[in-house]
Amino acid sequence: VWIFGYGSLVWRPGFEFTSRKVGFIRGYSRRFWQGDTFHRGSEKMPGRVVTLLEDCGACTWGVAYEVRGEQIAASLEYLNMREAVLGGYDTKLVKFHPQEKDAEEPILALVYIATPQNPSYLGPASEEDIAAQIIVSSGCAGHNIEYLLRLADFMRYFCPQAEDEHLFSIEEALISILPCLYYTEESLEET
């Protein structure tokens, strides 16, 4: 079984796997439109995490994990709690395209998508409003800022050819609100 992650699963899968591949799925855009009241937020201050929006011309980059044997039941039980019960996500099957140049045919993979019908769905907002909500939110898994920055770093380092305007616009908005978060090596050496 293959499981495709496009949010925190890219850096923190939380389950045992046999192999992993960076790549993309077609027909979806990643959006910070899902509320989170457990992992990256609270009931009073929900965080913002990503979901997928059907978008026929788009593709979303992430990581697919291969789970085998005993790993299958354990990973699906873990992900059901993490993504479905606590997160409000539903499962779908998608075609995953590995990044490798000599990659075989697309791989069928399980993906978790939060739909507008779930109670934690927040929907669209401006990049500035999303960044402002991320700045004040934290939950059991850590601060919502970490979630945004780790996802942006993943895209920058593992998928430099891919475009994700929504993600990087929110990161820019966050940086403009909290410029003290970013120091260059030169500025640190000068102090």
Side-chain angles (χ1 to χ4, degrees), residues 1-34 36-41 47-56 58-115 118 120 139-164 166-168 171:
V1 174
W2 287 84
I3 298 161
F4 178 69
Y6 56 92
S8 60
L9 288 179
V10 303
W11 73 85
R12 187 189 292 166
F15 56 87
E16 288 187 32
F17 55 90
T18 301
S19 65
R20 62 177 262 160
K21 295 176 185 250
V22 173
F24 62 90
I25 61 171
R26 289 193 171 107
Y28 294 93
S29 295
R30 179 182 7 240
R31 293 289 182 262
F32 274 84
W33 290 3
Q34 175 69 359
D36 187 320
T37 58
F38 185 78
H39 298 294
R40 298 292 174 168
R48 283 239 181 202
V49 292
V50 292
T51 185
L52 295 177
L53 178 69
E54 286 190 33
D55 182 351
C56 63
C59 71
T60 297
W61 285 79
V63 176
Y65 297 93
E66 180 185 22
V67 292
R68 293 175 171 252
E70 293 177 7
Q71 295 173 338
I72 296 171
S75 63
L76 293 178
E77 183 179 330
Y78 168 76
L79 288 169
N80 182 57
M81 179 58 72
R82 174 176 166 171
E83 304 296 331
V85 175
L86 297 174
Y89 290 75
D90 293 329
T91 56
K92 275 189 139 175
L93 283 175
V94 292
K95 288 182 180 176
F96 171 76
H97 302 267
Q99 183 179 41
E100 302 143 357
K101 294 199 180 358
D102 59 344
E104 62 278 2
E105 292 293 309
I107 298 165
L108 210 54
L110 184 67
V111 68
Y112 291 83
I113 299 175
T115 65
N118 86 75
S120 296
C140 296
H143 204 286
N144 207 180
I145 293 172
E146 176 197 24
Y147 180 97
L148 169 67
L149 298 180
R150 281 187 175 238
L151 188 52
D153 283 348
F154 166 79
M155 288 298 294
R156 225 174 251 111
Y157 297 120
F158 291 96
C159 321
Q161 73 284 12
E163 293 182 24
D164 194 326
H166 178 75
L167 170 64
F168 293 123
E171 182 189 37

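Counting from 1, the numbers follow the sequence of the chain as shown. Nothing here was measured: the structure is a model prediction, and the numbers come from that model.
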- [ ] Could you tell me whether Phe17 atom CZ has more than 12 heavy atoms of other residues or ligands within 6.0 Å of it?
- [x] yes
Open item on the list: As an exercise, state the distance from CD1 of Ile113 to CG of Asn118, rounded to the nearest 0.5 Å.
Closed with: 12.0 Å
Task: side chain to side chain contact (heavy atoms under 4.5 Å, CB included) evaluation trace for Leu52 with Arg31 - done: CA-CA 6 Å; Leu52 295 177; Arg31 293 289 182 262; over 6 Å; no
Open item on the list: Please give me the minimum heavy-atom distance between Val10 and Tyr65, naming the atom from each residue.
Closed with: O-OH, 3.5 Å
Open item on the list: Check Lys21 with Glu100, please: is the shortest side-chain N to carboxylate O separation under 4.0 Å?
Closed with: yes
Open item on the list: Taking Asp164 first and then Arg30, would you say they form a salt bridge - that is, a charged N and a carboxylate O separated by under 4.0 Å?
Closed with: yes
Open item on the list: Could you report the tightest heavy-atom contact between Tyr112 and Tyr6, atom names first, then the distance?
Closed with: O-OH, 2.5 Å
TODO: Show your working on side chain to side chain contact (heavy atoms under 4.5 Å, CB included) between Ile25 and His97 and close with a plain yes or no.
DONE: CA-CA 6 Å; Ile25 61 171; His97 302 267; 5.7 Å; no
Open item on the list: For a quick test of reading the model, state the closest non-hydrogen atom pair linking Thr60 to Tyr28 and the distance between them.
Closed with: OG1-O, 2.8 Å
- [ ] Please examine the side chains of Gln99 and Gln161, heavy atoms only from C-beta on, and report whether any two atoms are closer than 4.5 Å.
- [x] yes
TODO: Compare every heavy atom of Ser120 with every heavy atom of Gln34, then report the nearest pair and how far apart it is.
DONE: NE2-CB, 3.5 Å
Task: side chain to side chain contact (heavy atoms under 4.5 Å, CB included) partners for Asp153, two or more places apart - done: Arg156, Tyr157
Task: Counterpart residues, side-chain hydrogen bond (donor to acceptor under 3.5 Å, both in side chains), relative to Arg82 (two or more places apart) - done: Ser8, Tyr78
- [ ] Report the distance from atom CD of Glu16 to atom CD of Glu70, rounding to the nearest 0.5 Å.
- [x] 9.5 Å
Open item on the list: How long is the straight-line distance from NZ of Lys95 back to CG of Leu93, given to the nearest 0.5 Å?
Closed with: 11.5 Å
Open item on the list: Side chains of Val49 and Phe32, heavy atoms from C-beta outward: is any pair under 4.5 Å?
Closed with: no
Open item on the list: Just verifying a value: how many Å separate Leu110 CG and Ile3 CD1, rounded to the nearest 0.5 Å?
Closed with: 6.0 Å
Task: Under 3.5 Å side-chain donor-acceptor pair for Thr18 and Gln71 - done: yes
TODO: Taking ring pair (Phe, Tyr, Trp, His ring centres under 6.0 Å) as the test, write out the residues that go with Phe96, two or more places apart.
DONE: Phe4
- [ ] Let me see the working for Tyr147 and His39 under side chain to side chain contact (heavy atoms under 4.5 Å, CB included), right down to the final yes or no.
- [x] CA-CA 10 Å; Tyr147 180 97; His39 298 294; over 6 Å; no
- [ ] Determine whether Leu151 and Trp11 make a side-chain contact, defined as any pair of heavy atoms from C-beta on separated by less than 4.5 Å.
- [x] yes
Task: Any residue meeting side-chain hydrogen bond (donor to acceptor under 3.5 Å, both in side chains) with Glu54, in chain and number order, not counting sequence neighbours - done: Lys92
TODO: Hey, could you give me the CG/OH distance between Asn80 and Tyr89, rounded to the nearest 0.5 Å?
DONE: 14.0 Å
Task: Leu9: which of Leu79, Val111, Val63 passes side chain to side chain contact (heavy atoms under 4.5 Å, CB included) - done: Leu79
- [ ] Can you see which heavy atom on Cys159 is nearest to which on Val22, and at what distance?
- [x] SG-CG1, 3.8 Å
Task: Contacts of Asp55 that satisfy side-chain hydrogen bond (donor to acceptor under 3.5 Å, both in side chains) - sequence neighbours left out - done: Ser29
Open item on the list: Under a 3.5 Å distance rule, please check whether Asp36 uses its side chain to pair with a backbone N or O of Arg40 as donor and acceptor.
Closed with: yes
TODO: Tell me, please, which residues at least two apart from Trp61 pass ring pair (Phe, Tyr, Trp, His ring centres under 6.0 Å).
DONE: Phe24
Open item on the list: Working note: Thr51 + Thr115, criterion side chain to side chain contact (heavy atoms under 4.5 Å, CB included); need CA distance, chi angles, decisive distance, verdict.
Closed with: CA-CA 8 Å; Thr51 185; Thr115 65; over 6 Å; no
- [ ] Heavy atoms only: give me the nearest Asn144-Gly47 pair and the separation to one decimal.
- [x] OD1-CA, 3.1 Å
